[in-house]
Amino acid sequence: MDALQSVAVLAAHSGFLEDGILVQDVRRMRRRYLSSWTFPWDVMAVLPTELLCLLPGVPRVPGVPAARANRCLRLPRLFEAFDRCETRTAWPNVFRMAKLMLYLLLGIHWHGCLYFALSARLGLGTDPWVCPSFPRLLRRYLHSFYFSTLVLAMVGDTPAPQREEEFLFLTAGFLLAVLGFATISGSISTVIVNLSSAATTFYPDTGPVRRYLRAWGVDGRLAGRVARWQQHLRAQRKLPAEWEVLQHLPQGLRAEVAASVHLAALRRVGLFRNWEHGVLRQLVLRLRPQVFGPGEFVCRRGDVGREMYFIREGCLAVVAEDGVTQLALLGEGLYFGEISLINIKGNMAGNRRTANILSIGYSDLFCLGKEDLAEVLAEFPCARAAMEAKGRELLLRMGQLDTGAEAAALEAEAEAERQLQGLELLLRDGDRDEEGAGMGTGQGHGVSEP
Ligand SMILES: Nc1ncnc2c1ncn2[C@@H]1O[C@@H]2COP(=O)(O)O[C@H]2[C@H]1O
């Protein structure tokens, strides 16, 4: 172990940042490390000082642990390594618990060593309290470790102390145990709180909703539906608040993460199939995941449309006014709710929903707001045209398209376009005349000026 440590000191060390760039070139890392203050510190930590015990006149075995005290100079590096592991590991709470156990064992070990040292000083086996004089070293160590475990776990089932040193040692041990016990129970409760807060970050806390429903006397069937919906989110690992979890990441990184998670699902939506990767990355951050339960209406006919939906998973039905008759089924990769948002010419419903949409089972949807949709479509006229064509066809089928109004709107649009072109021509002619007149005046200046 010591040899390994020495090699680690002489070998290259961790990379460093230069102008924000991580340098991992071994030669530069080594040069930087050798000129840093940590190098002499590390060298002191690995010096084989225990060899001093081989000198004549120096106590052998009892002196060795003290002579190795310089190894403690590596403690800051150990804590640094712990910190790095804790931020990197996928199981931070398991890591924290393991670290706690390590501290616990180390504390008992050191206390046991002190007990043994005191026993050796007072005389092994000279009274029932001190360590007996077992012939084997391992047995002596195990006895010391057991004794310290009893003291530090506050079991207190140890032989009564006989001498002043023993009273003092035991009292100090009990005081240490009280302190350690408080620290350990504090750390364990932090780990438990972290576990439950991690769960509530991802999923809504069911407690307040349940209490709210009970307080307002909401009927059992409805409360059951809410409970089943919450259960579904957890069981299927659906994260309704995922953007809140990622909100502290910089915009670009957040887009990368969101894209890597959802891009495959977005590509299954027919409309997006041929869109560029970069555009989908921008779009994915505007989408809000939503989960609807069985028998829930996503939108109702006549409501004002504020968002549209892309089906990521699940099956929905377009249902008639009776709420039962299914007019059409919508499945994975399809979208709906766009007609009331995109101003189709001749749409008699205006900005109101043209149909009831019912979730048959659990439906996992991406929801896109009206403004976000407008921005995306402004960049992609082809997508707009495809959406308008599909919407027009549906309106026509539903008898909600006023073809007269559509023709009039198209005519008005064409007329406006013609007028715009005329104006542009006039402006261009005017500019050309001005340029010609300017050149003429310039020449005149050149000739007539004395
Ligand atoms: N017959 C149908 N088949 C498929 N989708 C429909 C049908 N009728 C209406 N829709 C969709 O249901 C949506 C209801 O809200 P919108 O009117 O905004 O947009 C509508 C369409 O996207």
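One-based numbering, in listed order, for ligands and for the atoms of each.
Among protein heavy atoms, atom 9 (C) of ligand 1 sits closest to Ala355 CB, 3.6 Å. For atom 7 (C) of ligand 1, the closest non-hydrogen atom of the protein is Leu394 CD2, 3.8 Å. In terms of protein heavy atoms, atom 11 (C) of ligand 1 is closest to Phe336 CB, 4.0 Å. Nearest non-hydrogen protein atom to atom 18 (O) of ligand 1 is Ser340 OG, 2.6 Å. What sits closest to atom 22 (O) of ligand 1 on the protein, heavy atoms only, is Glu338 OE1, 2.6 Å. Taking atom 20 (C) of ligand 1 as the reference point, the nearest protein heavy-atom neighbour is Thr354 OG1, 3.6 Å.
Atoms of ligand 1 found under 4.0 Å from any heavy atom of Ala328, numbered from 1 in the order shown, are 3 (N).
Here the shortest heavy-atom distance to atom 4 (C) of ligand 1, taken over Ile342, Leu330, Ile339, belongs to Leu330.
Within the structure, salt bridge (Lys or Arg N to Asp or Glu O under 4.0 Å) pairs that include any residue of residues 294-310 comprise Arg288-Glu307 (at least two apart or interchain).
Heavy atoms of Gly337 approach ligand 1 to within less than 4.0 angstrom. Ligand 1 does not have Leu327 within reach: every non-hydrogen atom of the residue lies 4.0 Å or more from it.
Only the side chain of Ile357 comes within 4.0 Å of ligand 1, judged by heavy-atom distances.
Considering only residues two or more places apart in sequence or on other chains, Phe272 meets the ring pair (Phe, Tyr, Trp, His ring centres under 6.0 Å) condition with Trp275, Phe310.
The aromatic rings of Tyr33 and Phe39 stand perpendicular to each other, their planes meeting at an angle above 60°, with 30° marking the opposite boundary. Ring-plane geometry between Trp37 and Trp41 is classed as perpendicular, the angle between the planes exceeding 60 degrees on a 0 to 90 degree scale with a lower cut at 30. The aromatic rings of His262 and Phe366 lie perpendicular to each other, with more than 60° between the two planes, well past the 30° mark. Between His232 and Tyr362, the ring planes are parallel. Angles under 30° get that label, and only those over 60° would be called perpendicular.
With rounding to the nearest 0.5 angstrom, the CD1 atom of Ile339 is 4.5 Å from the CG atom of Leu394.
Ligand 1 has a nitrogen or oxygen under 3.5 angstrom from a nitrogen or oxygen of Arg353.
Heavy atoms of other residues, nucleotides or ligands lying less than 6.0 angstrom from OH of Tyr103 number more than 12.
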